Amino acid sequence: MKKWNVGVVGATGMVGQRFISLLANHPWFQLTVLAASPNSAGKIYEDAVKDRWVMTSPIPEGVKKMVIQNAADVEKVAQQADFVFCAVDMKKEEIRALEEAYAQAECPVVSNNSAHRFTPDVPMVIPELNDEHLQIIPAQRKRLGTRRGFVAVKSNCSLQSYVPALHPLKEEFGLTKTLVCTYQAISGAGKTFETFPEIVDNVIPYIPGEEEKSEREPLKIWGTIQDGAIVPATSPAFTAQCLRVPCSDGHMAAVFASFEKKPTMQQMKERWAAFSGAPQKLGLPSAPKHFLHYFEEESRPQTKLDRNLENGMAVSIGRLREDTQYDYKFVCLSHNTLRGAAGGAVLLAELLAARGYLD
């Protein structure tokens with residue numbers, strides 16, 4: 001397998017740091033350029049982050065002395081990378097313009113940002129679920145006037161816990177309506193307990209924009225390609241409530257679901273156990289061996305115990321039981337900065353590489 005030269009745009013933030021950690025020993029991807037805001041441009045990486053490095057592992061030795069480029073110097077950064085990961089903290093319209101500028105510089109973008117998630121010809125992909133949406137890329141290239149440049153995005157971090165669990169059930173039994181309550185870690189806001197003291201001994205029942213994303217994004221993931229656009233599905237009906245809880249990492253979801261053909265609990269567990277997708281079939285480096293894990297113990301999954309399952313790339317499910325208003329209820333858990341953010345984007349990039357979109 002060839003190696004691709006990779007850049008990280010937004011390299012100093014929490015998700016940028018996670019990208020750097022994941023790329024340190026990646027078998028396919030070689031980190032060659034870091035980019036960030038003008039405030040960090042020109043500094044070596046370890047000086048730019050100083051005491052803001054929040055990963056449990058130290059800054060990789062090969063990264064410490066790398067000089068940060070200005071993310072706005074698109075042509076300069078693009079010349080140093082076969083593609084870039086993007087995790088910037090800017091206004092949405094500015095992110096859209098920046099990502100399209102990289103794409104038009106013939107540098108594909110794998111984005112952790114939400115700005116392009118509802119651009120009709122931008123695939124929003126959970127690799128095990130809707131890899132067929134990558135087929136929209138030629139239409140996007142035609143719109144952008146590019147030969148190899150494009151933008152692909154991953155979905156919102158909280159979706160990564162419960163949408164994968166619903167997906168095989170939807171295909172088999174016809175999902176009609178879903179209610180989900182998410183309990184989201186502070187790293188989802190780019191925070192630590194040191195920088196977010198008000199969350200200690202507290203729960204905050206509002207995360208800006210999160211409920212809208214939770215209700216809309218699954219329908220795009222389950223949408224179809226029609227006339228050069230991804231048309232969102234019209235069902236199932238979704239409603240969501242999202243809370244910020246005092247956990248460092250790990251998003252949990254309480255899920256309630258009803259079906260056209262109500263399955264048995266045993267059928268649901270069998271579908272979860274058997275489910276796999278393109279990453280498993282292709283043997284991608286970051287893919288979990290078993291994507292969906294069901295715990296029979298009544299008190300599992302737990303955030304602290306299970307968020308790092310399969311290097312933080314698997315989804316944990318538990319507490320399946322019948323409900324009085326919906327057919328069933330259960331809980332799900334995923335690591336929000338691994339499967340839900342940088343790890344999911346790296347897996348998406350591996351899928352793009354394996355399918356030839358980065359050539």
Side-chain angles (χ1 to χ4, degrees), residues 114 117 124 126 128-129 154-170 175-189 199 203-222 236-259 265 268-269 271-272 275 288 291-295 297-310 312-323 325-341 343-344:
S114 64
R117 288 182 189 154
M124 178 174 66
I126 298 177
E128 285 87 352
L129 272 55
K154 51 155 288 299
S155 71
N156 186 40
C157 52
S158 64
L159 269 67
Q160 312 275 338
S161 59
Y162 59 89
V163 172
L166 291 169
H167 185 76
L169 307 179
K170 174 184 177 294
L175 185 64
T176 58
K177 62 177 182 175
T178 300
L179 180 153
V180 61
C181 296
T182 61
Y183 305 88
Q184 301 184 206
I186 61 175
S187 56
I199 197 66
V203 171
I204 299 174
Y206 175 62
I207 305 173
E210 201 73 7
E211 288 159 6
E212 294 85 352
K213 295 173 189 174
S214 299
E215 293 170 356
R216 290 184 64 205
E217 290 187 20
L219 299 177
K220 181 172 180 180
I221 290 167
W222 288 326
F238 258 93
T239 186
Q241 177 103 337
C242 302
L243 298 84
R244 187 74 71 195
V245 297
C247 296
S248 57
D249 295 303
H251 286 356
M252 187 170 281
V255 184
F256 301 76
S258 290
F259 302 91
M265 290 195 293
M268 294 170 72
K269 292 176 185 179
R271 296 306 181 275
W272 288 332
F275 182 71
F291 183 32
L292 307 178
H293 291 248
Y294 185 80
F295 286 87
E297 299 94 326
E298 288 186 348
S299 61
R300 302 282 287 277
Q302 292 182 26
T303 301
K304 203 169 185 178
L305 297 179
D306 302 311
R307 60 191 169 199
N308 290 313
L309 186 64
E310 296 217 36
M313 293 297 289
V315 172
S316 301
I317 311 168
R319 298 210 68 214
L320 174 63
R321 58 224 191 272
E322 292 200 25
D323 184 61
Q325 305 299 314
Y326 289 73
D327 287 339
Y328 290 104
K329 54 190 172 187
F330 52 91
V331 297
C332 299
L333 172 72
S334 64
H335 195 302
N336 57 295
T337 69
L338 287 168
R339 167 55 72 165

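This structure is a prediction, so every number in the text was calculated from the model and none was measured. Count residues from 1 along the sequence.
Of the residues listed (Val331, Ile317, Asp306), the one engaging Phe295 in a side chain to side chain contact (heavy atoms under 4.5 Å, CB included) is Asp306, and it is the only one.
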Check the pair Gln325, Phe256 against side-chain contact (heavy atoms from CB on, under 4.5 Å), reporting the backbone distance first and the verdict last. CA-CA 9 Å; Gln325 305 299 314; Phe256 301 76; over 6 Å; no
So Leu333 and Ser161, side-chain contact (heavy atoms from CB on, under 4.5 Å) or not? Walk me through it. CA-CA 5 Å; Leu333 172 72; Ser161 59; 5.7 Å; no
Could you walk me through whether Leu129 and Phe291 pass side-chain contact (heavy atoms from CB on, under 4.5 Å), step by step? CA-CA 11 Å; Leu129 272 55; Phe291 183 32; 3.8 Å; yes
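In the displayed structure, Glu297 atom CD is contacted under 6.0 Å by more than 12 heavy atoms of other residues, nucleotides or ligands. Within 6.0 Å of CZ on Arg216 lie no more than 12 heavy atoms contributed by other residues, nucleotides or ligands. Around the CZ atom of Arg271, the shell of radius 6.0 Å holds more than 12 heavy atoms that belong to other residues, nucleotides or ligands.
Side-chain atoms of Ser258 come within 3.5 Å of backbone N or O of Asp327 as a donor-acceptor pair. Listed for the Glu211 side chain is a donor-acceptor partner under 3.5 Å among the backbone atoms of Cys242. Between the side chain of Arg244 and the main chain of Pro205, no donor-acceptor pair closer than 3.5 Å is present. In this structure, Lys220 contributes its side chain and Arg117 its backbone to a donor-acceptor pair below 3.5 Å. Checked by atom type and distance alone, the side chain of Tyr294 pairs as donor or acceptor with a backbone atom of Leu320 at under 3.5 Å.
In this structure, CZ in Phe259 is found 5.5 Å from CG in Leu175, a value given to the nearest 0.5 Å. Expressed to the nearest 0.5 Å, how far OG1 of Thr178 lies from CG of Leu166 amounts to 5.0 Å. Within the model, atoms CE of Met313 and CG of Leu338 stand 7.5 Å from one another, a figure rounded to the nearest 0.5 Å. In this structure, CG on Asn336 lies 8.0 Å from CD on Gln184, to the nearest 0.5 angstrom. Between atom NE2 of residue His251 and atom OG of residue Ser187 there is a gap of 6.5 Å, rounded to the nearest 0.5 Å. Separation of atoms OH (Tyr162) and OG (Ser214) is listed at 3.5 Å; rounding is to 0.5 Å.
Nearest approach of Leu219 to Pro236, heavy atoms of both residues: CD2-O, 3.6 Å. Val315 and Ser334 get closest at one heavy-atom pair: CG2-CB, 4.4 Å. The shortest heavy-atom contact between Pro164 and Leu292 is O-CD1, 3.7 Å.
Between Val163 and Ser155, the closest side-chain pair of non-hydrogen atoms is not below 4.5 Å. Between Ile186 and Pro246, the closest side-chain pair of non-hydrogen atoms is not below 4.5 Å. Taking the side chain as every heavy atom from C-beta outward, Gln160 and Lys154 approach each other to under 4.5 Å. Using a 4.5 Å heavy-atom threshold, the side chains of Tyr328 and Met268 count as touching. Using a 4.5 Å heavy-atom threshold, the side chains of Thr182 and Ile207 count as separate.
Residues satisfying the ring pair (Phe, Tyr, Trp, His ring centres under 6.0 Å) test with Phe330, not counting sequence neighbours, are Trp272.
A donor-acceptor contact under 3.5 angstrom links the side chains of Glu210 and Asn156, judged on distance only.
Residue pairs meeting the salt bridge (charged side-chain N to carboxylate O under 4.0 Å, His left out) criterion with at least one partner in residues 330-341, sequence neighbours excluded, are Glu128-Arg339.
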